[in-house]
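The next block holds one structure in the form of C-alpha cells; read it before the comments.
Letters A, B, ... are given to chains in the order of the sequence lines, protein chains preceding strands, and every chain is numbered from 1.
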Amino acid sequence: MSEPVSALNAAAFDGLAHVQEAGLHGMITLRGDHADADFAQAVADVAGVAMPDQREVVSGGDTSLIWMSPDELLLLCPYAEAGETVTKLTEALGDTHALAVDVSDARVVFTLTGTHIRDVIAKLAPVDMSPAAFRPGMVRRTRFAQVAAAVWLRDDETAQIICFRSVAPYMFALLCNAATPGTEVGIF
Amino acid sequence: MSTRLATGGRLTDRTKQMKFRFNGQQMRGVEGDTLASALLANGQLMMGRSFKYHRPRGPVASGSEEPNALVNLGQGARFEPNQRATTTELFDGLVAASQNHWPSLQFDVGAINTHLSRFLPAGFYYKMFIHPRPLWKHVYEPFIRRSAGLGAAPDAETVDADTYEHFYTFTDVLVLGGGVAGLQAALTAARSGAQVLLLEQNAHWGGRTPVDGGEIDGKPAEQWIKDTVQALEAMGNVTLRSRTMGAGVYDHGYVLGYERLTDHAPETPGPRHRLWRIRAQQIVTATGAIERPLSFAGNDVPGVLLASAIRDYVVNYGVSIGDRTVVVTNNDDAYRTAICLHGHGLNVPVIIDARMQGGGALMAQAEALGIRVLKGKAIAKVKGTRKVTAVEICDQAGEGAVLETIPCDAVAMSGGWSPVVHLWSHCGGKLSWDEGNAFFRPDLSRAPTSHDGAPFVIPAGSANGYIQLKDTLADATTAGSSAATAAGHQPKVGTLPQVAPREEAAMLPVWLMPQGANVKLRSKAWLDFQNDVKVSDIQLAAQEGYESVEHAKRYTTLGMATDQGKLSNINGLATLSAALGEAIPSVGTTTFRPPYTPISMGSIAGQARGDIFQPVRETPLHGWHEAHGVHWEPVGQWRRPYSFVQQDETVEQSVNREVKAARDSLGLLDASTLGKIVVKGPDAGKFLDMLYTNMMSTLPVGKCRYGLMCNENGFLMDDGVVARMSDDTWLCHTTTGGAERIHAHMEEWLQTEWWDWQVYCANVTEQYAQIAVVGPNARKLLEKLGGMDVSRETLPFMQWAAGTLGGFPVRIFRISFSGELSYEIAVPASQGLALWERLHAEGAEWNATPYGTEALHILRAEKGFIMIGDETDGTVIPQDLGLGWAISKKKADYIGKRAQARSHMTDPTRWQLVGLETVDGSVLPDGALAVASGTNANGQRHTQGRVTSTYHSPTLNRGIAMGLVLNGPDRMGEVLEFTKLDGTTIPTKIVNAVFLDPEGEKQNV
Amino acid sequence: MLILECPYCGVHAEETELHGGGEAHLTRHGPESSDQDFEGYLFQRENPRGVHFERWRHVHGCGKWFHAARCTATLEVFGTYSAQTSEPPQHIRDRISAKRPGWSWRELA
Amino acid sequence: MKRYSAFAIAREALRHHTGWERAWRKATPKKKYDVVIVGAGGHGLATAYYLGKNHGIKNVAILEKGWLGGGNTGRNTTIIRSNYLQDPSAAIYEKARSLYETMSQDLNYNVMFSPRGVMMLAQTHHEVRGYERTAHANSLQGVETQFIGPEKVKELCPIIRLDGPRYPVLGALYQPRGGTARHDAVAWGYARACSDMGMDIIQQCEVTAVRSDAGKVRGVTTTMGDIDCDKLAIVVAGNSGVLADMAGFRLPIESVALQALVSEPIKPAMDVVIMANTVHGYMSQSDKGEMVIGGGTDGYNNYTQRGSFHHVEETVRALIETFPMLSRLKMLRQWGGIVDITGDRSPIISKTPLGGCFINCGWGTGGFKAIPGSGWATAEMIAQGAPGPLASAFGLERFREGRFIDESVAAGVAH
C-alpha cells in the first residue's frame, strides 16, 4: 500500500485570495430519490447529518452532505473512511434503488479564502456572487471558465470548489490568474 | 492655427506637463488632455487621411463619434491601430502616428484619388475592372487590396503584452451613461433600494452639461454633478464605474461592459481591459445625443468641426481650433459656441443661421455681444484644402450663388442633434421619427422585450429625445423610477431637480446647404467623412435603384466606417429619402449592431490565453510521461503519449521499438483516459441491452464482453468492454473521447425516454488510473508483484477480478486490444503513479516498455481490431465492419436497430471492411481511395473503396491497412489501384483484416 | 444569451450552463415502425417561428434534462417543466394561450 | 441595358453620372407567370438567371418580402471553396466555384471574385488524416486541392503561429482557386441580369399563402395580391420551414442563428482565407481591410437574427491562439443570420409533395459559396421537372432511405 497523492499535492497561491488545493477528501457520489424516505433515512443514518435542502450543504463533524440534484448527493468525509462508508451506505440502503460510489480520487477540492473570494469566483463563473444572492451554506454547480465545477460557500471568506481531477492544473491556474494581486473589482 | 489658450480647460491640470510623440515629433500636453486636444494645442490640426480619396482630415468631433482623427497608437507588442485621438487619454510617453498615407501625412501620393474623385463615384468598382478577366486577377484586385485598410497591421509575430479578464455581475437596474440623465436616473432608482450599476464610457461624470452650463437646483451644473456623484457613492446599493462603456445589449438582459483599466496609464500592472458580463433586470440607456454635421461643400476641410466640439475643446481643454470661427447652424444650440468663443476672447465674424427668422434668446444674447448674425443664409463652400481659409456665403434657399466671402480659420457647424439610440436598438427596440426635432427617438411602445416578454430597456434624457436640460432631468427621473418599479422595487417620490426653462426657437431641418446646391457642390458635400461618401453618392445610389436604405448603405459604404455612421447615418438617410421623394420614416434606418464603439479582441478572449487558453486534461501519470521523453497527442482535451522517444531515436523508430517490446516481451500503456461508467439498478440489464447492439443482460458476474453502441440513426458511435460487477451492477468502458459523451447519452435516454426504468449511472472515469500490462511476460510481472492469482485458470481471457496486487487495491481486467496476453489494471488515481513506477521497475528484467497511442494503433491494426474514429466516421454501421457477430439477433430492439433496416443501410453494395496489402509492401497513404473505371454524371471518377487506417507493421515489416471496399470480403486476393496524392496509384491486394495470430492463441495463453 | 430556470434545481441558468436538445415531445419509433414514421421521428421538425417546445439539459449544473416553452421569434420563455412528460402541462399551455392567443404546435393548443 | 465599363464610367463622369439607369426595373406583379420564385436572395436570383439563360424561361417573377439580397446573402463571410469530401457536395460546390470565376463577365457586374486561396488548417493528427482523405477524394473529383505542410502555411499566412502550445499547425488542405467575392454584388449582379431578361423582381412583397388544388400548385397569395404560376420555387433560407408549412409539408430542418463579426480595417495582413475547424473559426481579410470572422451556430431554434455572445467569445479566443496579433485589433461590428440546418447538414434541392412546387434550402452555414451552382441545378430541376445530376443526390427522400451526405465525417475522435 503506497501513500495516496492528491492531484496537485496541496499546491497553494496567495493573491486577492488564498488558493489552496485542499488535498485528499473522501467523496462519495450518492444517487437516489431524496423524496424516498428509506433513502433519506439510510443516508442520514450513515452520514450522521440531515439531508440538505435544494442547493444547500449540511455539515457535521468532518462529514458534509452536498445537494447535487434531486437524485444526487455528494458526501464528503475523511479520505481514509470513504471505502468503509460506501460499504455502510450500501448495506444501509439494502433494497432501496440507489447507487453509492467512491469518487474520492476522481475529483479535486480547492479552498479559496480571504475577503475577495467573491471577486475571484465572479471572474470565472456566470453566477450572482453578491452576498445577498449567494450565502454561506449554499452550493452551486456551474462552470468555471471552460470546466464544470461546484462551488460551496462555507462562510463569507471561505469557498470550496470541486472539479474533476484531470483538470486540476487548469482550475488551479484559473484561480491563481483570477486572484492576481491588485485586480480586485470591488463591487461586493 | 489651433492652439492652447492662456487660461481655461476644466478637465486639465496645466501644472502636470506630459511629453508625447506624434509622427516622430516630440510634443507636449497636460494632464487631462485627450490626444486630440493635445495635438490641437500643438497646432496639429491635420490628424489623418480619409479612406478612399486620402483627403486631409482633422477632428470633426470631440468624442467617440469621431470619424477622422484615428491614429496608430503605441509600439511593438502594445501597438494598436485605429485609435480615436478624441477618446484617447494622454499619458506621458505616448507614441502615435497618423494613418492611411504614403509617404507622409503632409504629402500623400494617394491624394491623387481626390482629383480623380469624379471618376470614382459610389460603386465604381462594380462597373469597372470587368474586362479583360486576367487583368482583374493580376492587376486591379491586387491593387485594390493593397490600398485597403486604414491603420497599420500589427507585426505578424506580435504577441499581445497585455492581459485581459472577464467579470460576471447581476443587478436590478443598469444605467448606461453617466451624464446628468444617467446620474439622475441612477439616483432615482437607487432611492428605491434597488441594486444599481452605473457605467460611464469616459473618465469624467456629467457628460457635456458642464460645457453647456446652466443651473440645477440653484447651483451650477458642475456642482450638482459633483454632489450627485458623491450622493451615489455614499449609497451601499450603488456601484459607479467610469471608463466603462456599455458596449452591447443582448437578449434576456445581458449587457457587455467594456472597462478600460490601464489604457490611460499603460505601465500600471493588471489587466488592460475587463469585459463585464452583466445581467440586468432593467437597463436605462442614458447615452445622450450626438450633434449632426451640415452638408455643404467642403464640410470635410480640417478646421470644420461640430459646434459642440469646438465648445468642448475650449471649455474642457482650453484649446482653440482657430482665431476666427464662423458658426453655421439650423438651431439655437450652436449660438452657445459663438457666445463661448466670444467669452474666451476669440473672434466670431459671423453666425450663419439657415432659418429665415433666426433663433431665440441665445441669438439675442449673441447679437447683444455684437456678433453678426445672418438669417436664411448658408455656406456655399468652404475654401482651403489642408485647413480652412474662408467660407463663401449664399442664400439657403438658392443654388449657391456667392454673396460674400468671409476669411476665417475655423467653422463650427450644427445640423441639430440625434439621440444615441444604439443600445436601445441592439436587442430590437424600435424607433419613431420626431418631425419637430428631425430625429429618430425610441418608440416606447415597441421596446425590446426580455425572457418574460416584458420591456427591459428604458431610454432616458436626450437619448430619449429630451434635449433640453429641464426635460432631460425630468425624463431621467421617470426612467429611473420606472426601472426600479419594473425591477420589483418601490420608488420614493423625490423632488424633481429644479431647472429654469430656456426658451429656444425651433430648429429647421437642413439636409443640404444650400437646399438647391448644384451637382458640383453636392459632390463636395460630405456625409461619411471616413469612407468619403458624399451627397451626390447617395443620390446616385437612389438613381440606380439602390432604394432600400440597406442597399444605399452597402452600395456607397455610408455608415460602414469605424464610427459606424454615428455622424453620417441620419444625414445620409434624409438625403436618400429626399432623392426618393419619400418620407424619412418610411425609408427607415439600418440595423444598429453591437458594439457601440469597437472593443478589443483581447478583452473578448479575456483570461483564456497561454496555459489557460483551454483545459488540458491530465492523467495521474502525466508528470511521469513528461519526464520520460513523451511526444504528446491531443485527444479531445486529453493529452495522451503518442510515443516515448529515447535519445538518438526518431519518433518512428521509437514507435517500432514500443510495438516490438509489447509483442516480444512486455509493454505498459497508460489507459487511464478510457471511459468508465457504472450502471446499476433493477433495470440496468434491460437498459444496457437497448444501449448496446449485443446482449449485456446475460453477461455472467465476473465476466467481460466487448460491446458496440450505435446512435438512433444506426451509425456506430462507440465501443468498449463491459464487465458485470454484481447482480445489478455493470461497468461500461468507453473510448477516450467517449466517456462524457456516452455518459450523457445514457442519462438522456434514462431521463427523457425510459424514465420509469430503475437505473442509475455514474461516470467514474477519473477515479482510476488504468494501466495495461501487455505481452508474453505480462503474467510474470503481475505474479512478481503478487497478491492475486492471475493464472489462466483463475483469471482467463475476458474475465476480471478485484484484489490487492503488490499492496495496491486493484481491479484486473483480462482484456486485450493488442492480441497479446494482457491485463488492464485499475487502481485509485491517487496511487496510479506509484503502481506505474512499480510495474516499470519490477518489469525491468523483461524490459518493461511504456508505449503510446501510435504503438497502440499498430498493435490493434495488426490484429484487425477496429478503432472508433478511424474505421468509423459517423457514416459507418457495424454491418459494414463485419461486426455482425456483435449484433444480437435475439433482441427485439436496440438503439439504432430500426435505422439499420432502411433501404440504404441494407444495400448489399455498401462498402465492407477488409485488410489491404500493397503489392510492393509500402505503406498506403491515409485516406487513399480505390479507383474504379469510368466517371459519374458529374465527371467524377468512380471509386470502389477507401483506406480507413494504414501503418507500417514492425512485426511483419511491411505496410498493412484496413479499408472499406465494394463487396470486399468476396474479393480476397484481388488487386485494386489506390490513389496517391502525386496522381499515381498503388496496386493493393485485398486480404483478411487479421494480419497476425488469426486464432488468437497469443492472447488466450 | 438565454436564461432558463431549471425546474429541478431552481437555478436560473444562463445559456452557457445549458445544452439545447432540440424539439420536445417526439415519439420514439422502433423496429416495427414504418419508414415514414421513423423519418418523422428522426428528422421532420416543427421549427416554428413562434411558440416552440424544446429540450434542454442543465449540463453545467444538476445534469437534468428539462423542457422549455419558448417563442423563437422573440425568445420569450413561457415556462420550463419536467422532462418526464409526453406533452406540455396544462398550466404552461394556459400561460401561452394568455400571451399568444390562437397559438398551436402540432395538434396542441 | 447600358453596359458597365471603365469607358462608360469616364463618359458618365463628364456629365456627373446623371446618365446611369436603374440596375433593375421597379416591377409590379402580373396576374400570372410561368415560374414564381419566392426569395430574392442569391440562390433565388441565380435560379431565375439560369432559368432564363440556360432554359429560355423568362416569364418569371422573383418575390422578396424585404429587399433583395437582404438575407444571408448579405450577412455571410463570403468564403468560396469546393474542397468537400463527398462526391455530390464536391460536384455542386465546384460547379459554383467555376461559375464564380467568370461571373463578373457573365453578368457585366464586378462581383470581385478573389481567388486568393483557402486553407483549412489541420491542428490534430486526426484532422491531418481527415484532410488527406479529402485531398484524395478531390483528386478524383476534379477539385484542385493539395495537402501542404506547416512551412507552406506560414509562407501563405505570415500572421499564423505554427507552434501554438495547444493546437500546433500540422498542415492544411489548400485550395488555391478558392477565395471570396463581394456578397452584395452577387445579388445585385444577378438581379440586374434577370431584370434585363424581362423578369420581374418584386421587393416588399411577402407571400402569405400557397394556393393549390388536386395536389398541384396554382399560385401564391401575397401582400400585393394573388399571383398565379405553373411552377413555384421556394428559395428562402431562414424561412424555409414557414413556407413549407404554407405548401403543406414539413422539412428535416431547424433554423438557428449563425454569427459573424468584423474587425476595424487594417492594411493587408492576410492574403488567404483561413478555416480552423478544430477551434471552430474562419477568417479572411476584406477588400476594405477588415478581418471578417465567423464561428459556430447557436444550439437552439431562433429567428431573431441575433445570436449569443459566447459564440463570438469562443471564436475570437480560438483565433487569437493561432493568430496572436488579432488580440490588438478591435471588433467593429457583430451580426447574426438565420441558417437552416438539415438532418445531415447538407442542402436540399428537391421536388416536394406538392406538384409543381420545388424547394432549395438547408444550405446551413455554407450557402454563399454555392449560389451559382445551386441556381444552375435548381433551374435545371424546375425546367425539366426533375433534378439533374448536380441535384439528384440532394433530394428530400434521402432522409427516409438513410442515404445521407455527411461532410462532418472527421467528427468522431477516439482511441
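Heavy atoms closer than 4.5 Å to chain B are found in both the backbone and the side chain of D:Asn108. Interface remark: D:Ile293 contributes side-chain atoms only to the contact with chain B (heavy atom separation under 4.5 Å). Both the backbone and the side chain of D:Asp271 come within contact range of chain B, each with at least one heavy atom under 4.5 Å from a heavy atom of that chain. Proximity to chain D (any heavy atom under 4.5 Å) is restricted, for B:His166, to the side chain, taken from C-beta onward. Of the atoms belonging to B:Val519, it is side-chain heavy atoms, and not backbone ones, that fall under 4.5 Å from chain D. Interface remark: B:Ala561 contributes backbone atoms only to the contact with chain D (heavy atom separation under 4.5 Å). Looking at D:Glu101, both its backbone and its side chain come within 4.5 Å of chain B, counting heavy atoms on both sides. Contacts of D:Arg192 with chain B are absent, with no heavy-atom separation under 4.5 Å from either backbone or side chain. Looking at D:Asp184, only its side chain comes within 4.5 Å of chain B, counting heavy atoms on both sides. Only the side chain of D:His183 has a heavy atom closer than 4.5 Å to any heavy atom of chain B. Using a 4.5 Å cut-off between heavy atoms, D:Lys154 contacts chain B through its side chain alone, with no backbone atom that close. Residue B:Ala152 touches chain D through its backbone alone, counting heavy-atom pairs closer than 4.5 Å. The part of D:Lys26 that comes within reach of chain B is its side chain, from C-beta onward, which places non-hydrogen atoms under 4.5 angstrom from that chain. For a residue to count as touching a neighbouring chain, one of its non-hydrogen atoms must lie under 4.5 Å from one of that chain's; by this rule D:Ala187 does not touch chain B. Interface remark: B:Val616 contributes backbone and side-chain atoms alike to the contact with chain D (heavy atom separation under 4.5 Å). At a 4.5 Å heavy-atom cutoff, B:Leu70 makes no contact with chain D through either its backbone or its side chain. With a threshold of 4.5 angstrom between heavy atoms, D:Ser308 does not approach chain B through any atom at all. Residue contact with chain B, scored on non-hydrogen atoms closer than 4.5 Å, involves the backbone and the side chain of D:Ala137 alike. When heavy atoms are compared at a cutoff of 4.5 Å, B:Asn82 approaches chain D by way of both its backbone and its side chain. For B:Ser949, no part lies under 4.5 angstrom from a heavy atom of chain D. When heavy atoms are compared at a cutoff of 4.5 Å, D:Tyr167 approaches chain B solely by way of its side chain, counted from C-beta outward. If you measure heavy-atom distances from D:Glu21 to chain B, the contacts under 4.5 Å come from the backbone alone.
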Quiz item: Can you list the steps and then say if B:His904 with D:Phe404 is a side chain to side chain contact (heavy atoms under 4.5 Å, CB included)?
Solution: CA-CA 9 Å; B:His904 185 65; D:Phe404 306 107; over 6 Å; no
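Interatomic distance, D:Arg166 CZ to B:Arg609 CZ, rounded to the nearest 0.5 Å: 13.5 Å. To the nearest 0.5 Å, atom CG of residue D:Asp87 and atom CD of residue B:Gln940 are 4.5 Å apart. Between the CG atom of D:Asn110 and the CE atom of B:Met128 there is a distance of 10.0 Å, given to the nearest 0.5 Å. Annotation: the span from D:Leu329 atom CG to B:Ile599 atom CD1 amounts to 13.0 Å, rounded to 0.5 Å. Within the model, atoms CD1 of B:Ile604 and CG of D:Leu261 stand 6.5 Å from one another, a figure rounded to the nearest 0.5 Å. For the atom pair CZ (D:Arg133) and CG (B:Asp873), the distance works out to 4.5 Å, reported to the nearest 0.5 Å.
Side chains of D:Lys267 and B:Gln99: a donor-acceptor N/O pair is absent below 3.5 angstrom, by distance only. Using a 3.5 Å distance cut-off with no hydrogens or angles, the side chains of B:Thr562 and D:Glu264 do not pair a donor with an acceptor. Between B:Arg118 and D:His17, the side chains place no donor N or O within less than 3.5 Å of an acceptor N or O (distance only, hydrogens not considered). When only modelled atom types and interatomic distance are considered, B:Tyr126 and D:Arg182 share a side-chain donor-acceptor pair under 3.5 Å.
In terms of non-hydrogen atom pairs under 4.5 Å with chain D, the most contact-rich of B:Pro925, B:Pro121, B:Gly74 is B:Pro121. Your options are D:Ile160, D:Thr304, D:Thr18, D:Thr134, and the one with the most heavy-atom pairs under 4.5 Å with chain B is D:Thr18. Of the listed residues (B:Tyr555, B:Phe124, B:Phe129), the greatest number of heavy-atom pairs within a distance under 4.5 Å of chain D belongs to B:Tyr555. The choice from B:His131, B:Gln900, B:Met905, B:Glu550 that makes the most heavy-atom pairs within less than 4.5 Å of chain D is B:Glu550. Note: D:Met331 leads D:Arg317, D:Lys95, D:Met331 in heavy-atom pairs under 4.5 Å with chain B. Comparing D:Pro324, D:Gly402, D:Gly289, D:Ser5 by heavy-atom pairs within less than 4.5 Å of chain B, the highest count is held by D:Gly402. Annotation: maximal heavy-atom pairing with chain B below 4.5 Å, among D:Ile159, D:Leu140, D:Leu68, occurs at D:Leu140. Counting heavy-atom pairs under 4.5 Å between each of B:Gln543, B:Arg860, B:Arg277 and chain D puts B:Gln543 at the top. In terms of non-hydrogen atom pairs under 4.5 Å with chain D, the most contact-rich of B:His551, B:Arg941, B:Glu157, B:Glu80 is B:His551. Note: B:Trp136 leads B:Phe79, B:Trp136, B:Tyr125, B:Trp638 in heavy-atom pairs under 4.5 Å with chain D.
Across every non-hydrogen atom of D:Ala23 and B:Tyr546, the tightest pair is CB-OH, 3.7 Å. For D:Gln105 against B:Ile130, the heavy-atom pair with the smallest separation is NE2-O, 2.7 Å. Between B:Pro154 and D:Arg328, the closest heavy-atom pair is CG-CB, 4.2 Å. When all heavy atoms of D:Met325 and B:Asp155 are compared, the closest pair comes out as CB-O, 3.8 Å. B:Gly874 and D:Asp406 get closest at one heavy-atom pair: O-OD2, 4.2 Å. Contact record, B:Leu540 with D:Trp20: CD1-CD1, 3.6 Å, taken as the closest heavy-atom pair.
Counting non-hydrogen atoms of neighbouring residues, nucleotides and ligands closer than 6.0 angstrom, the CZ atom of D:Arg345 reaches no more than 12 such neighbours.
A salt bridge is absent between B:Asp907 and D:Arg403: the closest approach of a Lys/Arg side-chain nitrogen to an acidic carboxylate oxygen does not fall below 4.0 angstrom. Taking a cutoff of 4.0 Å between a charged side-chain nitrogen and a carboxylate oxygen, B:Lys127 and D:Glu12 do not qualify as a salt bridge. Between B:Arg946 and D:Glu132 no salt bridge is recorded (no basic side-chain N to carboxylate O distance below 4.0 Å).
The aromatic rings of D:Phe309 and B:Tyr254 lie tilted to each other, with the angle between the two planes from 30° to 60°.
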